[in-house]
Number of protein chains: 2
Amino acid sequence: MKEKQNTLFVGSLAKGLKLLRAFDETTTEMSLTDLARRTGLDKSATQRLANTLHVEGMLDKDPETKRFRPSHAWLELAYAYFWSDPLVRQAMPQLIDLSQRLGSTVNLTELSGDHIIYVSRLPNGISQFSATLVGRRLPALNASAGRVMISTWPAEERDRVVESWPIHQFTPKTTIDRNVIREGIEEAAQKGYATTQNQMILNQTGVAAPIIGPDGRAYAAVQCSVSSHHWGQDRIQEELVPYILDAALAIAPQSRGVY
Amino acid sequence: MKEKQNTLFVGSLAKGLKLLRAFDETTTEMSLTDLARRTGLDKSATQRLANTLHVEGMLDKDPETKRFRPSHAWLELAYAYFWSDPLVRQAMPQLIDLSQRLGSTVNLTELSGDHIIYVSRLPNGISQFSATLVGRRLPALNASAGRVMISTWPAEERDRVVESWPIHQFTPKTTIDRNVIREGIEEAAQKGYATTQNQMILNQTGVAAPIIGPDGRAYAAVQCSVSSHHWGQDRIQEELVPYILDAALAIAPQSRGVY
DNA sequence: GACAAGATATCATAATATGATATTCTTTAT
DNA sequence: ATAAAGAATATCATATTATGATATCTTGTC
């Protein structure tokens, strides 16, 4: 293997992880050959690795079709993650409170490279399926939560990421003009919160407030999604923003640097 | 390694997984030596495996303390799981609806060996932190959801698991008498739903309805947790049970079974 | 400033993963 | 019903890769 022929690097383990990560939104179960094709791994290697993952309980195997699927162990890992992330414990009571008060969908997001990732979600009302799932990643520049986090950074750093970080066009109305995004971030920097419209889903408005660490930089955000039909600027301003800001503030206390 | 000296078993991968699974509720971050101690693996092996997991993005490493922690990738795996489990997609709208209607905490659970596992959770009101987290596992016999699932099985099978499956005493009032549990299951079999009290948390009542597959056996359950103070038998009977049963029924249609 | 504990790096060795091949099973087509 | 194709499973000789003992470097403590 030419991968990383470092003596501190175990190739077989890396390959095994590759199998796990081969599953996604659309690829939800795979035969042995599917797996081999998708990962580009040798057929025999795939066989051995998949079998190992199965024996170890990381992959379920349909006795009929012999196809592999993610196992419950994947959820158990998430469970362990939640305990390891102090923010989650800190935020959960506030999020529940906020969710009940607003009656709208409330999310907790963190920055994950140039993406945001949903760490906790409290759906209210009808939602897109994907909008109810923890672990989803979105380009930070696309999302209100991402923009408001970036807005807490020094100006030059903001500019750099606005230029270089990825954007994905989810709807016909998704902002792809980086200048417009920059303006949105500037505005967020002044107001202390960010709003977006039609970015992920048409007629959906997102409002996000930053959770700011001791160094003044946001490392997370509280975000709320509402229907643009029912929520005009004014109503958002009065009935949403104050509470979201409150919640974000309440979550962000003296917690130590969470990187 | 004496583990499983099968030629279809890749030991290094299994060891790597062991590192991942070493993290839990109480063990949320570990140094290299912690990891080695906890997994029983050789110091050098731990070094290599942990390094590999870090390079592959499965473990974060604090640059200061050099300690390892679960990474966001753990949540991404959960995200992939959710897509792979048809029940989740099927259930989510019903659960949200139920959550709003009842204003109480609503859970979706599946059977995982002799445990139940929370696959989706919609917390409402103040909750124990652990009661808000997906991926948590509980002995099936302890939980209303587990009992109601078992109640859909043939009598002899029920008896077998009531005798053999594990029980954990969470509170001083947790039922540890298997005969009492058996009665609870019998009752659930007749009524079509199960209720429990003080099993996981004192003064907490659980109500669960089975999601029944084409073969007549439950493979999942809708569960609801309420405060015993505010919810007496009558109120539960009238305001909770019918809706939970409805939801469970709505989730369980012709779903899988291609025939 | 010395010590201890832990993290990181190195290296010779053999044990383990490798992948080609063979066999069995399943499905589809004729 | 039979053949053919595709996939899963099993086997095995080989050397590549993981191993773990040891050494060095780093950090924190008394």
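Below, chain A is the first sequence line, B the second, and so on; all start at residue 1. Worth saying up front: this structure is predicted, and the values here are computed from it rather than measured.
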Hey, is the side chain of A/Ser12 poking within less than 4.0 Å of OP1 or OP2 on D/dA18, counting only N and O atoms?
yes
Rounded to whole Å, CG of B/Leu13 lies from C1' of C/dT16 at a distance of 14 Å
Value in whole Å for how far the C1' atom of C/dC25 lies from CD of A/Glu64
14 Å
Contact under 4.0 Å: B/Lys15 side-chain N or O vs C/dT16 OP1/OP2:
no
Contact check, residues 30-38 of chain A vs DNA chain D, heavy-atom distance under 4.0 Å, returns A/Ser31, A/Leu32, A/Thr33
So is A/Arg217 actually on top of A/Trp153's ring, under 6.0 Å and inside 45° of the axis?
yes
Could you tell me how the ring of B/Phe129 sits relative to the ring of A/Trp83: parallel (under 30°), tilted (30 to 60°) or perpendicular (over 60°)?
perpendicular
Contacts under 3.5 Å, N or O only, protein and nucleotides 21-25 of chain D:
residue, atom, partner, partner atom, Å
D/dA21, N7, B/Ser44, OG, 3.4
D/dA21, N6, B/Ser44, OG, 3.3

For B/Asp24 and B/Arg38, run side chain to side chain contact (heavy atoms under 4.5 Å, CB included): C-alpha distance rounded to whole Å, both residues' side-chain angles, the deciding distance at 0.1 Å, then the answer.
CA-CA 12 Å; B/Asp24 62 15; B/Arg38 189 142 220 276; 3.6 Å; yes
For B/Asp62 and C/dA7, give me the distance from atom CG to atom P, rounded to whole Å.
12 Å
Residue list, salt bridge (charged side-chain N to carboxylate O under 4.0 Å, His left out) with A/Glu156, at least two apart or on another chain:
none
Please determine which of B/Asp62, B/Thr28, B/Asp60, B/Asp34 meets the side-chain hydrogen bond (donor to acceptor under 3.5 Å, both in side chains) test together with B/Arg67.
B/Asp34
Using the closest heavy atom to pick a nucleotide of DNA chain C for each, name whichever of A/Leu49 or B/Thr65 lands nearer the 5' end.
B/Thr65
Considering all heavy atoms, the nearest A/Val119-A/Val134 contact
O-CG2, 3.6 Å
Does the distance from a Lys or Arg side-chain N to an Asp or Glu carboxylate O, for B/Glu56 and A/Arg21, drop under 4.0 Å?
yes
Rounded to 10°, the angle between the first-five-pair and last-five-pair axes of the helix from C/dG1-D/dC30 to C/dT30-D/dA1 is 50°
Side-chain donor-acceptor pair under 3.5 Å between B/Arg137 and B/Ser112, yes or no?
yes
Please write out each protein N/O paired with an N/O of nucleotides 11-14 of chain C under 3.5 Å, distance rounded to 0.1 Å.
residue, atom, partner, partner atom, Å
C/dC11, N4, A/Thr7, OG1, 3.1

Quick one: B/Arg67 CZ to C/dT8 P, roughly how many Å, whole number?
13 Å
Roughly how many Å is it from CG in A/Leu41 to C1' in C/dG19, rounded to a whole number?
12 Å
For A/Arg178, the salt bridge (charged side-chain N to carboxylate O under 4.0 Å, His left out) test, sequence neighbours excluded, returns none
If the test is side chain to side chain contact (heavy atoms under 4.5 Å, CB included), which one of A/Val148, A/Ile116, A/Asn107 qualifies with A/Gln223?
A/Asn107
Residue whose closest nucleotide on DNA chain C lies nearer the 5' end, A/Lys66 versus A/Leu8:
A/Leu8
Stepwise side chain to side chain contact (heavy atoms under 4.5 Å, CB included) test for A/Leu133 and B/Met92:
CA-CA 10 Å; A/Leu133 301 179; B/Met92 201 58 81; 4.2 Å; yes
Atom CZ of A/Phe9 and atom C1' of C/dT8 are separated, to the nearest Å, by 17 Å
Are B/Tyr79 and A/Trp74 an aromatic pair by the rule of ring centers under 6.0 Å?
no
Between D/dG20 atom P and B/Arg48 atom CZ, what is the distance in whole Å?
7 Å
